[in-house]
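Naming convention: chains lettered A, B, ... in sequence-line order (proteins, then strands); numbering from 1 in each chain.
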Protein chains: 2
Amino acid sequence: MGVTKSDLFTRQQNELANMAKALAHPARIAILQYLVKKNACVCGDLVEELGLAQATTSQHLKELKNAGIIQGTVEGVSVCYCINPKVWTAYKELFNSFFKEVTLEGGKCC
Amino acid sequence: MGVTKSDLFTRQQNELANMAKALAHPARIAILQYLVKKNACVCGDLVEELGLAQATTSQHLKELKNAGIIQGTVEGVSVCYCINPKVWTAYKELFNSFFKEVTLEGGKCC
DNA sequence: CTCCCATATCGCAATATTACGATAAACTAA
DNA sequence: TTAGTTTATCGTAATATTGCGATATGGGAG
């Protein structure tokens, strides 16, 4: 085994888990924060920015692209990446609604 | 290899990535949603609720407990779990501030 | 065309995650 | 004490993730 049993859970649960997975690495957090800080297309500085090998950086970028949260466009010889605002907003809202559900004052806890 | 290079990143980036990792499985999302819905201590129904083996469920509970987001207390023969409100709030705020950083109207993107 | 540059992909190694059956540990009840 | 119930841990197998060097790919520049 070692494979997640996605069919046991709702689509929303799988979706949220996948989003969390995309964020579940400091390098990917760092990439996103960098793109957000620049608030523009970034072409190339990411490898030096992260300190990881070029191949590893490319792999993390691919995962973020697969998750849809960033987009890349070919700009001459290099590729420029930026946040996908639509997906970013979707992430924000899903996480928000997940965390909003709880009412802390219930206090029926142990 | 195969081990994350945490020292390349800030404490905040590692922390956020670890939180995301705790949420990065639909079973753990389902557990948290169930605890939130009940808004109380839950003793035992989790195995039937999830549909995973008892050992697997226990492992997911352990990970959530390690992340600090839930707490368990022994209640006679069984163990009762509930959300840790303090840590829950910390998660909520870290994710909120992460997602808030972006201004979508910048629009200097490709 | 050939040479360089940036990025992507391949192949591999090390480690982590997911899942489950079997077993241990802790408590209750009889 | 013994039997039953609940949860945790161990051991193992399958798969996923992380990381990097090497190599391919897809543009420019000359």
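- Between B:Y81 and D:dA8, a side-chain N or O to OP1/OP2 separation shorter than 4.0 Å is present.
- A donor-acceptor contact closer than 3.5 angstrom is absent between the side chains of A:E48 and A:Q54.
- Note on A:T56: a side-chain N or O is less than 4.0 Å away from OP1 or OP2 of D:dC20.
- When side chains are defined from C-beta on, A:T56 does not count as touching A:L50, because their heavy atoms never get closer than 4.5 Å.
- The aromatic rings of A:F98 and B:W88 are tilted relative to each other, their planes meeting at an angle between 30° and 60°.
- Position along DNA chain C of the nearest nucleotide to A:G44 versus A:T4 favours A:G44 as the more 5'-ward residue.
- Across D:dT7, C:dA6, C:dA19, the shortest atom-to-atom separation from the side chain of A:S78 is found for C:dA6.
- Distances shown here put every side-chain N or O of B:H60 at or beyond 4.0 Å from the OP1 or OP2 atom of C:dT17.
- Rounded to whole Å, the distance from NZ on A:K62 to P on D:dG19 is 16 Å.
- For B:Q54 and D:dA8, a side-chain-to-base donor-acceptor distance below 3.5 Å is present, hydrogens and geometry of angles not being considered.
- Nucleotide C:dT7 holds its C1' atom 13 Å from the CD atom of A:E48, rounded to whole Å.
- Between the CG atom of B:L46 and the C1' atom of D:dT5 there is a distance of 17 Å, rounded to whole Å.
- Judged by closest nucleotide on DNA chain C, A:D45 is the one of A:D45 and A:S6 placed further toward the 5' end.
- Ring geometry, B:H25 versus A:F9: the interplanar angle exceeds 60°, so the pair is classed perpendicular (tilted spans 30 to 60°).
- A:K5 has a side-chain polar atom (N or O) that falls below the 4.0 Å cut-off from OP1 or OP2 of C:dC20.
- If you check every strand for non-hydrogen atoms under 4.0 Å, A:S58 touches a base.
- Aromatic ring pairs are classed by plane angle as parallel below 30°, tilted from 30° to 60° and perpendicular above 60°; the pair A:F95 and A:F99 is parallel.
- Look at CG on B:L50: it is 13 Å from P on C:dT18, rounded to the nearest Å.
- Side chains of A:I31 and A:L35 form a contact here, defined as non-hydrogen atoms less than 4.5 Å apart.
- Rounded to a whole Å, the CD atom of A:E63 is 13 Å from the P atom of C:dA8.
- An OP1 or OP2 oxygen of D:dT17 is reached within less than 4.0 angstrom by a side-chain nitrogen or oxygen of A:K21.
- If you take CD of A:Q59 and C1' of C:dT7, they are 13 Å apart, rounded to a whole angstrom.
- SG distance check for A:C80 and A:C41: not under 2.5 Å.
- Which of C:dT7, D:dA8, D:dC20 sits closest to the side chain of A:L52 comes down to D:dC20.
- As rounded to whole Å, 13 Å separates atom C1' of C:dT9 from atom CG of A:N66.
- For the pair B:E15/B:L94, a side-chain contact is recorded, criterion being any heavy-atom separation below 4.5 Å from C-beta on.
- Within the nucleic acid shown, B:L61 has no heavy atom closer than 4.0 Å to any nucleic acid atom.
- Note: CD1 (B:I31) to P (C:dT18) measures 11 Å, nearest angstrom.
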Tabulate atom names and distances for all N/O pairs under 3.5 angstrom spanning the protein and nucleotides 26-30 of chain C.
none

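- Looking at the side chain of A:H25, the nearest of the listed nucleotides C:dT9, D:dT18, C:dA19 is D:dT18.
- Residue A:A53 is in sugar-phosphate contact alone, with no base atom involved, counting any heavy-atom pair closer than 4.0 Å across all strands shown.
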